[in-house]
Amino acid sequence: MEKKSLIIGVIGADVHAVGNQILYFAFREAGYEVINLGVTVSQEEFIEAAIESKADAILVSSLYGHGELDCQGLRDKCNEAGLKDILLYVGGNIVVGKQPFDEVKQRFVNMGFNRVFAPGTSPETTIAALKEDLYGEK
Amino acid sequence: MEKKSLIIGVIGADVHAVGNQILYFAFREAGYEVINLGVTVSQEEFIEAAIESKADAILVSSLYGHGELDCQGLRDKCNEAGLKDILLYVGGNIVVGKQPFDEVKQRFVNMGFNRVFAPGTSPETTIAALKEDLYGEK
Amino acid sequence: MQLRNKKWSEQEFFDTREEILKTWPTGAEVDLDEAIAYQKAIPEEKRFSAKLNKAVKNKTTLIQPRAGVALIDAHIELLRFLETEGGADLLPSTIDSYTRLNRYSDAEHGIAESLAQGKSMLNGFPGVNHGVKGCRKVTESVKSPVQVRHGTPDARLLCEITLAGGFTSFEGGGISYNIPYAKNVPMEHTMLTWQYVDRLTGLYEERGVSINREPFGPLTGTLVPPSISNAVAVIEALMAAEQGVKNVTVGYGQCGNLIQDVAAIHSLREMTNEYLEKFGYKDCDVSTVLHQWMGGFPQDEAKAFGVICWGSAVAALAKATKVIVKTPHEALGVPTKEANAAGLRATKQVISMLADQELAREKNLNFEIEMINQETRAILDRTLQLGDGDIAVGTVRAFEAGVIDVPFAPSKFNAGKMLPARDNSGAVRFLNIGNLPFSKEIVDFHQGKLKDRGSAEGREVSFQMVVDDIYAISKGQLVGRPAHE
Amino acid sequence: MQLRNKKWSEQEFFDTREEILKTWPTGAEVDLDEAIAYQKAIPEEKRFSAKLNKAVKNKTTLIQPRAGVALIDAHIELLRFLETEGGADLLPSTIDSYTRLNRYSDAEHGIAESLAQGKSMLNGFPGVNHGVKGCRKVTESVKSPVQVRHGTPDARLLCEITLAGGFTSFEGGGISYNIPYAKNVPMEHTMLTWQYVDRLTGLYEERGVSINREPFGPLTGTLVPPSISNAVAVIEALMAAEQGVKNVTVGYGQCGNLIQDVAAIHSLREMTNEYLEKFGYKDCDVSTVLHQWMGGFPQDEAKAFGVICWGSAVAALAKATKVIVKTPHEALGVPTKEANAAGLRATKQVISMLADQELAREKNLNFEIEMINQETRAILDRTLQLGDGDIAVGTVRAFEAGVIDVPFAPSKFNAGKMLPARDNSGAVRFLNIGNLPFSKEIVDFHQGKLKDRGSAEGREVSFQMVVDDIYAISKGQLVGRPAHE
Ligand code: B12
Ligand code: B12
């Protein structure tokens with residue numbers, strides 16, 4: 001199977017680095033090419049990196065609560081940059097406070113994310129989702 | 001002021017002795033004549049003691065949850081025994097489980113208790129109530 | 001029958017048994033041979049003693065709730081919930097208060113009222129009324145071992161029915177289920193009724209069915225000095241062993257001072273083994289249980305979690321074999337299943353974070369262990385003396401003499417002369433020694449500790465201190481300090 | 001300006017100041033003389049340093065939450081709630097993440113969105129945007145001292161505005177608010193920006209207004225070995241003292257092993273005093289703070305209470321001057337005020353039950369203290385050497401060289417070569433020593449401890465252990481054991 005490539009990073013002014021380092025480790029272990037942009041990544045940096053490396057997916061982390069502000073418009077910018085069908089995931093603690101996850105999910109789906117993950121999602125879950133979306137395997 | 005006298009005891013099959021011992025100590029300190037029947041006191045024992053000592057009030061404790069079963073009919077029995085206007089208080093953890101206290105109170109008022117006290121009521125509160133009901137002082 | 005600490009003969013046992021089984025219709029359901037066969041088919045992982053022995057070996061601390069409601073189906077739902085949502089390792093069936101006083105027709109009334117009102121009107125599970133079949137339905141519906149927890153001076157019928165009903169552990173003892181749980185029951189009586197329970201357990205044991213027995217450690221749950229409750233636990237262990245019991249869990253109710261509590265668990269283990277050995281009971285497995293604070297709780301749930309978690313930490317640091325878990329509803333009433341499970345999960349979190357930590361046996365801890373050992377031996381040895389070498393007879397006389405004396409007990413057969421109070425670091429000491437058989441050295445130690453507290457608080461040592469200590473934890477403190485500005 | 005650990009001249013300070021106050025319109029509101037007069041009128045009981053000094057003297061442990069929302073009125077409501085319903089002794093204003101990165105127009109947008117949506121869209125209180133008046137409204141509305149808590153590499157304007165706004169304590173430092181909170185900010189830069197903050201604090205101090213300063217102890221909050229965070233705290237205390245700060249609270253984030261955590265607090269206190277003395281800062285009051293577990297939390301609220309309460313117990317047993325309190329919502333998001341108050345009440349209950357207890361300095365504890373002392377001195381002394389005696393210069397070089405190395409830090413100016421892992425009893429040790437300047441003895445000690453764990457778990461010491469340890473507490477353990485049947 002050809003090696004798919006992923007862009008990962010923590011969006012906005014967010015510096016939560018631990019989960020990011022673990023995802024980097026876990027996705028490589030799972031056989032992916034991973035470009036890790038680290039923390040405090042802007043929308044533009046995600047897009048540039050995706051174009052440059054012909055990435056198959058962008059996995060946005062947001063932990064600190066401003067995810068809803070930071071993620072607005074990312075799908076449009078991807079479209080404008082020609083990344084039309086790129087897979088967009090978001091996960092972490094993506095809104096401020098404890099909110100019913102169904103509603104949160106809907107808001108991010110409306111923003112154009114293909115999948116939205118709840119707080120504390122384990123790498124195994126994400127890897128399974130990627131397998132399904134990128135290789136069509138269940 | 002003449003010394004008023006109180007009957008205290010823990011009703012039914014209830015053996016919670018600590019609060020009872022403290023109330024005994026506190027009511028005497030507050031200047032009352034106190035007849036302490038201890039734990040596992042039947043309705044009949046409360047009434048006999050009240051008649052014998054011409055008590056002004058019966059203070060029923062129930063901690064263990066069966067208060068609702070144990071207290072049924074006490075007012076009627078008092079009436080039958082000629083203790084028509086005797087003051088009846090009940091306190092402790094008088095029902096099974098954590099229930100809205102307003103409803104609990106109403107049920108015990110309906111059973112004929114003059115005052116119904118919530119879990120953890122301090123002796124000071126009870127003493128203030130007694131003062132009001134027995135000496136008309138606020 | 002004359003009380004003495006001597007294994008009952010077959011005759012004595014079966015004569016009594018005939019009477020006991022007649023005291024309520026469900027007694028007729030018990031067939032001992034069938035019951036033993038039934039128990040033998042219970043798998044190892046559902047057997048209390050096996051799970052405890054494994055925990056002792058691995059130095060793990062198991063968690064167990066209290067729980068019981070009036071109706072069978074609701075009770076099963078409750079236990080399953082505590083198993084799956086609470087992560088309970090061991091399950092209880094807490095028996096209602098009418099059953100505890102053998103008032104089975106009141107219990108029947110409570111069952112009827114519960115059916116009528118659609119909620120439990122009893123504060124526990126009326127095991128006798130539900131009978132062998134009802135009990136089996138319960139024990140078969142869960143994955144974990146189930147224990148009978150109660151407070152019954154005369155638990156003979158309850159024991160017959162529940163052991164036949166698949167329970168693999170039975171709590172209580174002739175002292176611990178009398179003095180804190182009754183007003184008018186003579187000590188001779190409960191020593192005898194509990195010999196019956198122990199003998200019945202011994203019978204199962206002899207026929208290859210291991211049943212765990214657990215003296216109730218905390219007694220009145222309120223400022224009981226460790227040496228008092230430990231002495232009681234050792235006596236009940238000796239009584240049980242004589243009747244053929246081979247698996248005993250001795251218990252202790254947390255007092256609140258870390259060093260004293262850990263010391264109490266160590267001393268409890270040591271003294272129980274020492275005396276079992278001394279009297280030649282060599283093949284009895286001993287495990288320990290710490291009860292999270294058994295006195296008055298704070299009403300606020302967050303604060304209650306504080307009390308629960310601190311108890312959990314102490315259990316783990318003492319490496320108690322199990323811990324009995326309180327709930328955030330403790331001060332208010334019998335907990336909902338959700339509150340009960342929450343108490344369990346908080347406990348499990350603390351226990352497992354501390355699984356690999358232990359309070360090392362350094363100077364301070366060893367000192368407290370030694371103090372408790374000395375006091376416990378003093379009580380036990382005087383009790384034996386009073387009984388001319390017979391611990392059963394001695395116990396009855398020790399209670400008469402106040403040589404064993406439980407604070408705040410409802411029983412009129414308890415002297416009630418001893419008064420406990422906390423010292424300046426919260427350890428429970430003797431404010432009034434009563435008739436406890438302690439050396440001048442021990443007495444001076446305790447009085448000194450309380451004088452220190454008195455001078456720290458600028459007040460005389462008095463009953464007011466005791467009152468303050470009784471309220472302290474529910475008001476968010478350990479030591480009941482005088483109110484100040 | 002050239003970095004060195006030397007008190008800034010008036011000229012240096014005021015030249016910089018002019019620029020700083022221009023970086024956002026609210027800067028114009030600050031008038032230093034007026035601000036000092038304003039601060040002088042703040043009563044003693046609302047002053048951080050006074051309350052801390054009293055707690056140090058009485059050996060009590062104060063409790064403090066984290067809390068901040070976008071809008072002033074909601075923020076006041078929140079703080080009042082934490083004061084009355086939570087019983088907080090000390091209050092915070094946690095600053096939002098845009099402000100922390102000086103992105104004041106993003107913060108303005110967040111305020112607008114919050115107004116529009118009727119809920120806080122910012123993860124904290126945007127103190128700069130609300131300006132001096134807004135801050136005063138907050139500090140005047142509560143009874144307790146209020147501190148600015150944040151994570152801002154360049155907090156010069158924030159400090160100007162909030163001190164003028166009546167806050168009496170300011171958290172952070174040139175290392176602790178850079179390495180864990182930024183990716184691209186050079187160490188020289190933050191050492192200088194924080195000299196400004198310290199100098200400003202020193203100015204208030206010289207004019208008779210005592211302001212507390214608190215280096216941020218936990219750093220990345222994830223398996224930071226005590227000697228690393230303690231060394232950072234000592235450096236920031238020295239830097240602050242040089243600029244005239246007289247009241248410092250040094251901090252530490254709970255790791256989870258009781259002995260190591262208590263040892264870390266003792267060592268932190270001792271080392272800070274030792275180095276302050278060594279460099280001749282004689283009149284600086286030192287207090288300590290323990291942060292309840294700063295890494296990933298369990299999602300379940302009951303389990304979160306378990307983590308919170310265990311942290312509280314450790315703070316009390318170590319006699320930390322204050323404890324920073326987590327909430328049962330920690331794993332999920334910024335807590336509601338109710339959840340925040342619940343965390344406080346649980347903490348208070350544990351703290352006050354343990355008020356009169358302390359972990360005695362016996363052998364095991366002394367050993368861990370000595371280990372941490374040795375490691376901390378090794379780091380500090382090499383850092384000083386690298387700076388030719390100047391701790392500021394040395395710090396920049398120490399980070400370049402990996403002589404100070406913070407695990408899991410986002411900053412590219414951190415070496416990231418050291419790797420921590422838990423030993424078999426949960427203490428945090430060095431799995432990979434990186435370039436830390438430790439003697440062979442120290443290195444061997446750590447490797448030995450990890451080898452012991454490896455053999456207990458039957459696996460090689462590896463990065464997988466670290467990953468397991470990172471998840472452990474959120475999964476209900478302390479040591480991340482390999483998954484087994
Ligand atoms: C200590 C204790 C015990 C000890 C009692 C020892 C003894 N013999 O005294 C032991 C361990 C033996 C015990 C046994 C049982 N207990 Co119990 N026990 C407690 C506990 C923890 C503290 C009680 C106490 O001593 N408080 C301190 C004293 C000073 O306070 P107090 O008793 O509340 O009394 C004060 C006030 O309530 C008030 N007050 C009391 N009576 C009255 C009357 C009037 C008129 C007024 C105005 C005020 C008033 O003034 C008192 C003095 O300040 C409470 C829970 C709690 N409160 O935290 C449970 C509790 C009372 N027990 C309970 C239960 C169910 C039992 C058992 C059935 C066992 C079980 N299922 O766990 C048995 C019952 C045995 C029996 N037949 O009675 C339940 C009752 C449930 C309910 N009502 O829904 C409680 C609430 C625990 C719980 N949440 O499940 N218990
Ligand atoms: C450690 C920590 C910190 C450290 C971070 C150190 C560092 N530089 O990394 C410090 C102390 C510095 C810190 C600072 C702050 N923090 Co913080 N922090 C945490 C904490 C306790 C643990 C985070 C962590 O490391 N977890 C362990 C890792 C392995 O898990 P993870 O990060 O969740 O990531 C995993 C999954 O979420 C998932 N995942 C992550 N991203 C993605 C993406 C995709 C696509 C998928 C599928 C999955 C996925 O996979 C990861 C690996 O398993 C959390 C709360 C918690 N979780 O318990 C709060 C938390 C994230 N922090 C929070 C906040 C608010 C802050 C601050 C603003 C300060 C404050 N107000 O307290 C600052 C923000 C600074 C900034 N500009 O970002 C909030 C966020 C609130 C919200 N969303 O509503 C939290 C939730 C705490 C809380 N309840 O208030 N924090």
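Within every chain, numbering begins at 1; the chains are lettered A, B, ... in the order of the sequence lines, protein sequences first and strands thereafter.
Using a 4.5 Å heavy-atom threshold, the side chains of D:I308 and D:F297 count as touching. No side-chain heavy atom of C:V323 sits under 4.5 Å from any side-chain heavy atom of C:L62.
Contacts between D:A342 and chain C at a heavy-atom distance below 4.5 Å involve backbone atoms as well as side-chain atoms. For chain D, no part of C:L344 is nearby; none of its heavy atoms comes within less than 4.5 Å. Neither the backbone nor the side chain of D:P328 has a heavy atom closer than 4.5 Å to any heavy atom of chain C. Proximity to chain C is limited to the side chain of D:L359, based on heavy atoms less than 4.5 angstrom apart. Contacts between D:I351 and chain C at a heavy-atom distance below 4.5 Å are absent for every atom of the residue. Of the two parts of D:L354, only the side chain, counted from C-beta on, holds a non-hydrogen atom closer than 4.5 Å to a non-hydrogen atom of chain C.
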Which atom pairs, one donor and one acceptor, sit under 3.5 Å between chain C and chain D?
residue, atom, partner, partner atom, Å
C:G256, O, D:Q357, NE2, 3.0
C:L258, N, D:Q357, OE1, 2.8
C:D300, OD1, D:R345, NE, 3.0
C:D300, OD1, D:R345, NH2, 3.1
C:D300, OD2, D:R345, NE, 2.8
C:R345, NE, D:D300, OD1, 3.0
C:R345, NE, D:D300, OD2, 2.8
C:R345, NH2, D:D300, OD1, 3.1
C:Q349, NE2, D:I473, O, 3.1
C:S352, OG, D:G476, O, 2.5
C:D356, OD1, D:R481, NH2, 3.2
C:D356, OD2, D:R481, NH2, 3.0
C:Q357, OE1, D:L258, N, 2.8
C:Q357, NE2, D:G256, O, 3.0
C:E362, OE1, D:K363, N, 2.6
C:E362, OE1, D:N364, N, 3.0
C:K363, N, D:E362, OE1, 2.6
C:N364, N, D:E362, OE1, 3.1
C:I473, O, D:Q349, NE2, 3.1
C:G476, O, D:S352, OG, 2.4
C:R481, NH2, D:D356, OD1, 3.2
C:R481, NH2, D:D356, OD2, 3.0

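The list of ring pair (Phe, Tyr, Trp, His ring centres under 6.0 Å) pairs with a residue in residues 335-370 of chain C, not counting sequence neighbours, reads C:F367-C:F445.
Ranking D:A427, D:G476, D:G426 against chain C, the residue ahead of the rest is D:G476, based on heavy-atom pairs under 4.5 Å. Heavy-atom pairs under 4.5 Å with chain D peak, among C:A355, C:G306, C:A341, at C:G306. Most heavy-atom pairs under 4.5 Å with chain C: of the set D:A456, D:G343, D:C309, this distinction falls to D:C309. Taking C:I473, C:I259, C:L317 one by one and counting their heavy-atom pairs under 4.5 Å with chain D, the maximum is reached by C:I473.
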Worksheet item: Going through the distances and angles, do D:V314 and D:L258 end up as a side-chain contact (heavy atoms from CB on, under 4.5 Å)?
Response: CA-CA 6 Å; D:V314 172; D:L258 173 62; 4.1 Å; yes
Practice prompt. Test side-chain contact (heavy atoms from CB on, under 4.5 Å) on C:I470 and C:L223 and set out the steps.
Written response: CA-CA 8 Å; C:I470 286 173; C:L223 304 179; 4.1 Å; yes
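Closest approach of C:A88 to C:P65, counting heavy atoms only: CB-CD, 3.8 Å. Listed here is the closest heavy atom pair of D:V224 and D:P218: CG2-O, 3.6 Å. Listed here is the closest heavy atom pair of D:L290 and D:G311: CD2-O, 3.7 Å. D:V428 and D:P420 make their closest contact through CG1-CB, 3.9 Å (heavy atoms, listed as atom of the first residue, atom of the second, distance). Heavy atoms only, all atoms of each residue included: D:L82 and D:A67 are closest at CD1-CB, 3.5 Å.
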